[in-house]
*Asks:* 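Attaching a single structure in structure tokens format; questions to follow.
Residue numbering restarts at 1 for every chain, and letters A, B, ... go by the order of the sequence lines.
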Amino acid sequence: MHKITRTDTASSVVGLSNVHKSFGALKVLNGVSFEVNRGEVLVLIGRSGSGKSTALRCIDRFETIDSGEIVVCGHRVSDPKLNLRALRQDVGIVFQSYNLFPHLTIEENITLAPCSVKGISKAQAKEQARRVLAQVGLEDKLHQYPEQLSGGQQQRAAIARSLAMQPKVMLFDEVTSALDPELTGEVLKVIEALAADGMTMVMVTHEMGFARGIANRVVFMHHGKVHETGPAAILTSPATPELAQFVGTGL
Amino acid sequence: MGGSLNANHLMFLGYGALWTIGLSLIGLLGGGIAGFIVALCRISPSRIVRLISTGYVQLIQGTPLLVIMFLTYFGLPALGVTVSPLMAAGASLTIFVSAYLGEIWRGCFESVPKPQWEAAEGLALSRSQRMMKVILPQAVRIATPPTVGFMVQIIKNTSLASVVGFVELARSGQIINNSLFEPFLIYTIIAVIYFALCYPLSLFSHRLEKRGGPARIELEAA
Ligand SMILES: Nc1ncnc2c1ncn2[C@@H]1O[C@H](COP(=O)(O)OP(=O)(O)OP(=O)(O)O)[C@@H](O)[C@H]1O
Ligand SMILES: [Mg+2]
């Protein structure tokens with residue numbers, strides 16, 4: 001366990017140190033520590049209920065922690081006086097469920113936050129919407145409503161919406177789990193392109209092949225702890241029997 | 001006692017019906033504005049605001065509208081505030097409607113799926129931006145059928161304003177009956193008029209429910 005110090009926050013974008021979190025009597029995070037440096041892709045894996053989503057949600061302060069420390073882009077997330085909106089301008093998050101705003105067009109979905117939060121002009125925001133949509137291969141969907149898009153397209157649009165805020169780190173929680181198998185590929189490709197562009201990312205995924213290809217670091221969570229961590233190679237040659245069993249089952 | 005039902009009586013009933021509509025609109029407008037505030041308070045992040053608004057809703061929902069009418073019309077003058085029947089009826093209805101619409105709308109806010117709230121939060125929108133730009137437009141779509149449905153309750157409940165001497169439809173029927181003494185005929189006419197006011201609204205509400213709200217209709221047209 002290593003305490004995050006001021007000196008290594010220079011390259012550290014996300015740092016969790018000895019994080020504990022319970023829901024009532026249920027201990028979900030039991031001393032979790034890991035660190036993500038600029039440009040790195042960290043992949044969180046583990047069985048259902050092992051606390052992956054909770055760890056991710058704590059990073060963006062969708063959950064508050066009981067003890068430990070989380071520092072994200074210089075924001076002390078565990079500090080009660082945290083400037084929440086400043087944190088969330090630096091962090092983009094995409095969830096499993098498609099959550100584009102159904103009453104807004106794709107363009108409006110994307111321009112809403114940059115206009116309201118960053119106060120940039122409508123014209124500038126629209127220009128940017130075109131750019132991020134091109135990045136996810138949806139430049140022709142500007143004026144469609146979310147329900148007119150396939151699930152895969154909706155997830156790509158949701159990624160574009162996050163990108164428009166120019167986050168310093170992106171969090172993905174099983175963004176392909178709700179998709180038909182033939183649609184996951186197009187979303188994973190977008191994420192791969194982001195990684196190639198140098199975006200810092202933390203993602204939860206069950207796609208092991210994808211994880212092997214993209215991860216700079218893998219964190220295997222088990223019973224609320226980081227049970228094993230290392231480069232993507234640990235997925236093919238695990239050190240602990242638990243990880244061996246986990247990758248063995250193909251889950 | 002006297003005579004039979006004539007055009008003058010029908011005119012009088014017509015005025016009564018207009019006042020019923022007018023009073024309903026006052027209740028809808030006043031109660032709608034107050035109810036919106038109640039709904040916002042019910043989902044406020046502040047515990048104390050939530051507690052107070054919950055207390056308000058429970059208090060009003062646990063009090064018959066009739067008693068609220070008595071309180072405003074007879075109770076307030078005892079405290080030195082005189083009110084006209086229209087003011088008493090309008091204020092009572094506003095209070096009554098605010099509690100019920102507030103609850104209906106709170107439910108509508110809360111039935112906007114949680115991922116929508118979180119997505120809006122994740123984009124760093126402020127609370128008021130989230131409410132106005134993300135949650136409210138979706139809640140309005142959900143709220144329209146039950147709100148139109150509740151307007152039927154408002155119309156029917158205006159009949160209680162007769163107890164404070166407000167001459168709306170039910171009261172004007174009573175007055176005519178006092179001189180004609182044809183209760184079956186007159187109250188049948190009254191019932192038919194209430195039905196004519198309420199039924200189109202129920203029908204419209206059901207249709208909205210089936211179609212999934214007005215926003216969807218616009219989308220289909222586009
Ligand atoms: N808001 C909550 N209230 C109570 N319990 C919760 C809450 N969120 C999560 N949990 C519980 O915490 C445990 C860990 O949940 P979490 O969602 O972090 O797991 P996960 O590793 O993401 O699992 P999955 O692979 O199924 O998504 C689970 O037992 C879950 O039921
Ligand atoms: Mg999860």
*Asks:* Counting heavy-atom pairs under 4.5 Å to chain A, which of B:Ala120, B:Ala119, B:Pro113 comes out on top?
*Replies:* B:Ala119
*Asks:* Aromatic rings B:Phe74 and B:Phe70: how do their planes relate, parallel, tilted or perpendicular, breaks at 30° and 60°?
*Replies:* tilted
*Asks:* Mark yes or no for whether A:Asn99, through its side chain, and B:Glu118, through its backbone, hold a donor-acceptor pair below 3.5 Å.
*Replies:* no
*Asks:* Got a sec, which residues hit salt bridge (charged side-chain N to carboxylate O under 4.0 Å, His left out) with A:Glu107, two or more places apart in sequence or on another chain?
*Replies:* none
*Asks:* A:Phe95 versus chain B, heavy atoms under 4.5 Å apart: side chain, backbone, both or neither?
*Replies:* side chain
*Asks:* Ring-plane angle category for B:Phe109 and B:Phe36, please: parallel below 30°, perpendicular beyond 60°, tilted otherwise.
*Replies:* tilted
*Asks:* Is it the case that A:His75 and A:Asn83 place a side-chain donor and acceptor less than 3.5 Å from each other?
*Replies:* no
*Asks:* For A:Val91, is it the side chain, the backbone, both, or neither that has a heavy atom closer than 4.5 Å to a heavy atom of chain B?
*Replies:* backbone
*Asks:* Is it the backbone or the side chain of A:Leu87 that comes under 4.5 Å from a heavy atom of chain B, or both, or neither?
*Replies:* neither
*Asks:* Tabulate below the donor-acceptor pairs under 3.5 Å that side-chain atoms of residues 83-94 of chain B make, not counting sequence neighbours, or state none.
*Replies:*
residue, atom, partner, partner atom, Å
B:Ser84, OG, B:Met87, N, 3.1
B:Ser92, OG, B:Thr72, OG1, 2.7
B:Ser92, OG, B:Ala88, O, 2.7
B:Thr94, OG1, B:Gly90, O, 2.8

*Asks:* So which part of B:Gln129 gets closer than 4.5 Å to some heavy atom of chain A, the side chain, the backbone, both or neither?
*Replies:* side chain
*Asks:* Contact part of A:Arg61 toward chain B, heavy-atom cut-off under 4.5 Å: side chain, backbone, both or neither?
*Replies:* neither
*Asks:* Under a 4.5 Å heavy-atom cut-off, does chain B meet the side chain of A:Ser116, its backbone, both or neither?
*Replies:* both
